[in-house]
Amino acid sequence: QVQLVESGGGLVQAGGSLRLSCAASGRTFSSKAMGWFRQAPGKEREIVAAITWNGDSTYYADSVKGRFTISRDNAKNTVHLQMNSLKPEDTAVYYCAAAPSRYIITTLYNYNYWGQGTQVTVSS
């Protein structure tokens, strides 16, 4: 069992930065790949970034490449999403999720643990 709690969301102007954090409980966190997803009003939830169990490999959606960075600290059971050069279209609720695998999965239906989400609003 893994419980996930996101934090760090808020309101920021376009071009600004935010750092999201996801705190995980449970002894199996370090063996799981992790992902960040987002869902904007009226849109489907989509993957933003993912990272392998040991942080050796990452994945980014095309829309955030070069602007967002995913990282993890297994000693602290945390995963982060550093978001730079934010755009109004990045406005969404952001969720972290744990995969039943050590390796990156990009389909949200394969993630079996989810946080409650944190709102990110980017004003123009």
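The structure displayed is predicted, hence computed values, not measured ones.
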For this session: Report yes or no: does Thr52 contribute a side-chain atom to a donor-acceptor pair with the main-chain N or O of Ile104 at less than 3.5 Å?
Result: no
For this session: Nearest 0.5 Å please: distance from the CD atom of Gln13 over to the OG atom of Ser124.
Result: 9.5 Å
Problem set entry | Student check: side-chain heavy atoms of Asn54 and Arg72 closer than 4.5 Å | no
Exercise. For Cys96, does its backbone N or O pair with a side-chain atom of Tyr111 as donor and acceptor, under 3.5 Å?
Worked result: no
For this session: Given side-chain contact (heavy atoms from CB on, under 4.5 Å), test Leu4 with Met34 step by step and report yes or no.
Result: CA-CA 11 Å; Leu4 305 171; Met34 298 292 295; 3.9 Å; yes
Side-chain donor-acceptor distances from residues 21-33 under 3.5 Å, at least two apart:
{"unit_1": "Ser21", "atom_1": "OG", "unit_2": "His80", "atom_2": "ND1", "d": "2.9"}
{"unit_1": "Ser25", "atom_1": "OG", "unit_2": "Gln3", "atom_2": "N", "d": "3.4"}
{"unit_1": "Ser31", "atom_1": "OG", "unit_2": "Thr28", "atom_2": "O", "d": "2.8"}

Seminar exercise, completed: Closest non-hydrogen atoms of Asn77 and Asn74, given as atom of the first, atom of the second and distance, are OD1-O, 3.2 Å
Exercise. Does the pair Trp36 and Phe68 meet the rule for a side-chain contact (heavy atoms from CB on, under 4.5 Å), with working shown?
Worked result: CA-CA 11 Å; Trp36 282 98; Phe68 291 11; over 6 Å; no
Seminar exercise, completed: Besides Trp53, the hydrophobic cluster formed by Ile, Leu, Val, Met, Phe, Trp and Tyr side chains linked at under 4.5 Å, directly or via other members, contains Tyr103
Problem set entry | Least distance between heavy atoms, Val2 atom then Tyr113 atom | O-CD2, 3.3 Å
Seminar exercise, completed: For Arg67 and Ser85, the nearest pair of non-hydrogen atoms, with its separation, is NH1-O, 3.0 Å
For this session: Return the minimal non-hydrogen interatomic distance between Ser101 and Ile105, and the atom names on each side.
Result: CB-CD1, 3.8 Å
Could you pull out every donor-acceptor pair under 3.5 Å between side chains of residues 39-50 and any protein atom, sequence neighbours left out?
{"unit_1": "Gln39", "atom_1": "OE1", "unit_2": "Arg45", "atom_2": "NE", "d": "3.3"}
{"unit_1": "Gln39", "atom_1": "OE1", "unit_2": "Arg45", "atom_2": "NH2", "d": "3.4"}
{"unit_1": "Gln39", "atom_1": "NE2", "unit_2": "Lys43", "atom_2": "O", "d": "3.2"}
{"unit_1": "Glu46", "atom_1": "OE2", "unit_2": "Arg38", "atom_2": "NE", "d": "2.8"}
{"unit_1": "Glu46", "atom_1": "OE2", "unit_2": "Arg38", "atom_2": "NH2", "d": "3.4"}

For this session: Give a yes or no answer on whether the side chain of Tyr60 reaches the backbone of Ile70 with a donor-acceptor pair at less than 3.5 Å.
Result: yes
Exercise. Should Leu108 and Tyr94 be regarded as members of a common hydrophobic cluster, given that ILVMFWY residues are connected when their side-chain heavy atoms come within less than 4.5 Å of each other, either directly or indirectly?
Worked result: no
Exercise. In the single-linkage hydrophobic clustering (I, L, V, M, F, W, Y; side-chain heavy atoms under 4.5 Å), do Val122 and Phe37 co-cluster?
Worked result: no
Exercise. What's the spacing between Thr121 OG1 and Leu11 CG if we round to 0.5 Å?
Worked result: 6.0 Å
Exercise. Would you call the rings of Trp114 and Tyr95 parallel, tilted or perpendicular if under 30° counts as parallel and over 60° as perpendicular?
Worked result: perpendicular
Problem set entry | Student check: side-chain heavy atoms of Val5 and Gln116 closer than 4.5 Å | yes
Exercise. Taking it one step at a time, do Leu20 and Glu6 satisfy side-chain contact (heavy atoms from CB on, under 4.5 Å)?
Worked result: CA-CA 7 Å; Leu20 305 184; Glu6 301 97 334; over 6 Å; no
Exercise. Hey, are the side chains of Asp90 and Met83 touching, using non-hydrogen atoms and a 4.5 Å cut-off?
Worked result: no
